[in-house]
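Encoded as structure tokens, the structure appears first; notes follow it.
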Amino acid sequence: MRDLVREASVKLGGLVQPLFVVEGTGIRAPISSMPGIARLSGDAAVAECRELLGLGIRAVLLFGIPDFKDAKASSNYDPNGVVQQAIRAIKEAVPELLVIADLCNCEYTDHGHCGIVDARGDVDNDATVELLMRTALTYAHAGVDVIAPSDMMDGRVGAIRHALDDDGFTRVAIMAYSAKYASAFYGPFREAADSAPAFGDRRTYQMDPANAREALREVELDIEEGADFVMVKPALAYLDVVRGVRDAVELPLAVYNVSGEYAMVKAAAQHGWIDEDRVVDEMLLAFARAGADVIITYFAKDYARRHG
Ligand code: PBG
């Protein structure tokens with residue numbers, strides 16, 4: 001009877017596993033604040049993707065961590081950069097797997113900000129958008145399926161869409177991190193990606209956690225500019241925003257269950273304070289119930305193992 005009347009459900013096909021890719025070969029370097037998650041070299045990422053597909057996971061989200069960082073994020077638009085190589089290798093080995101590439105500069109800049117920093121120490125929105133367009137094209141040339149800009153610059157979705165279309169990449173989709181909050185829940189990610197800002201914070205470009213109506217405005221702008229998916233991030237503390245966006249728009253909606261949310265569950269479970277499996281199932285169900293179609297979560301593989 002409960003099965004008959006159950007309202008929400010988590011679909012395996014809607015889960016996305018994030019992967020951190022580094023240069024080199026044979027590398028699986030654990031991330032201490034994210035137990036069970038490692039930085040992978042390209043070959044290890046390919047092996048991981050094969051395993052994920054075998055478990056029923058259909059999509060991965062790639063983050064590149066380059067050896068070389070500078071003020072212009074130049075390794076981000078290198079056609080043979082760490083992510084470009086990983087995209088090529090994965091699409092060749094496991095073409096059925098959807099490859100989404102996160103697009104941002106913070107993993108590639110020596111100061112850790114998401115864009116070009118001007119003489120006053122501010123992020124230069126328009127110069128950064130130029131960089132994003134250039135990098136997006138290198139991802140498209142490498143064979144990416146979806147580009148996910150996570151930088152929160154204004155106007156970047158439209159600019160990337162035009163750049164892609166002009167080069168004939170009309171089929172590359174855009175998953176916009178539309179409502180991305182300036183959140184303390186990204187802490188472990190910044191360790192994993194070595195991308196903590198060297199000065200200041202991201203509050204001039206990421207959203208104020210107090211604002212929900214503004215999220216709708218950000219989502220509308222991204223849709224007008226050509227987004228194919230919109231996203232709310234983080235997930236747990238923002239389920240009201242997820243529901244608000246779900247009720248306002250028809251596009252597919254993604255939520256990002258971020259690194260700090262993962263780390264909290266892992267830490268409490270390691271202490272024996274919570275039942276990890278039950279907590280994970282309850283969280284993912286809550287995302288679906290709030291209206292998410294796509295759930296990006298570091299628990300994807302584990303969830304597929306238990307429910308596949
Ligand atoms: C890049 C980016 C971040 C995350 C995804 N893309 C970090 C940030 O904005 O500081 C966070 C993901 C996570 O915490 O799991 N801008």
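Both counts, for ligands and for their atoms, begin at 1 and track the order of listing.
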Salt bridge check, Glu48 against Lys301: does any charged N sit closer than 4.0 Å to a carboxylate O? yes
Is any side-chain heavy atom of Leu40 closer than 4.5 Å to a side-chain heavy atom of Val22? no
Check this for me, if you would: do Asp122 and Arg120 make a salt bridge, where the nitrogen-to-carboxylate-oxygen distance has to be below 4.0 angstrom? yes
Using a 4.0 Å cut-off to any heavy atom of Ser150, which atoms of ligand 1 qualify? 1 (C), 2 (C), 6 (N), 16 (N)
Only heavy atoms count here, so choose which of Arg190, Lys180, Glu107 is nearest to atom 2 (C) of ligand 1. Lys180
What protein heavy atom sits nearest atom 4 (C) of ligand 1, and how far away is it? Lys233 NZ, 2.6 Å
Which atoms of ligand 1 have any heavy atom of Tyr298 under 4.0 Å away? 12 (C), 13 (C), 15 (O)
Charged N to carboxylate O below 4.0 Å: is that the case for Asp151 and Arg156? yes
Would you say Tyr256 contacts ligand 1, with heavy atoms under 4.0 Å as the rule? yes
Just which atoms of ligand 1 are under 4.0 Å from any heavy atom in Asp102? 6 (N)
With a 4.0 Å cut-off, would you call Lys180 and Glu218 a salt bridge? no
Nearest non-hydrogen protein atom to atom 12 (C) of ligand 1, with distance, is Phe189 CD1, 3.4 Å
Assess whether a salt bridge exists between Arg161 and Glu225, defined as any Lys/Arg side-chain N lying under 4.0 Å from an Asp/Glu carboxylate O. no
Are the charged groups of Arg217 and Glu214 less than 4.0 angstrom apart, N to O? no
Does ligand 1 have any atom sitting under 4.0 Å from a heavy atom of Gln206? yes
For Met152, is the nearest heavy atom under 4.0 Å from an atom of ligand 1? no
Between Gln206 and Tyr181, the two heavy atoms sitting closest are OE1-O, 3.4 Å
Any carboxylate oxygen within less than 4.0 angstrom of a Lys/Arg side-chain nitrogen, looking at Arg171 and Asp145? no
What about Arg202: any of its N or O atoms under 3.5 Å from an N or O on ligand 1? yes
Shortest protein contact, atom 14 (O) of ligand 1 (heavy atom only): Ser259 OG, 2.7 Å
At a 4.0 Å threshold, what atoms of ligand 1 neighbour a non-hydrogen atom of Phe63? 5 (C), 6 (N)
Can you sort out which atoms of ligand 1 are near Cys106, meaning under 4.0 Å from one of its heavy atoms? 1 (C), 16 (N)
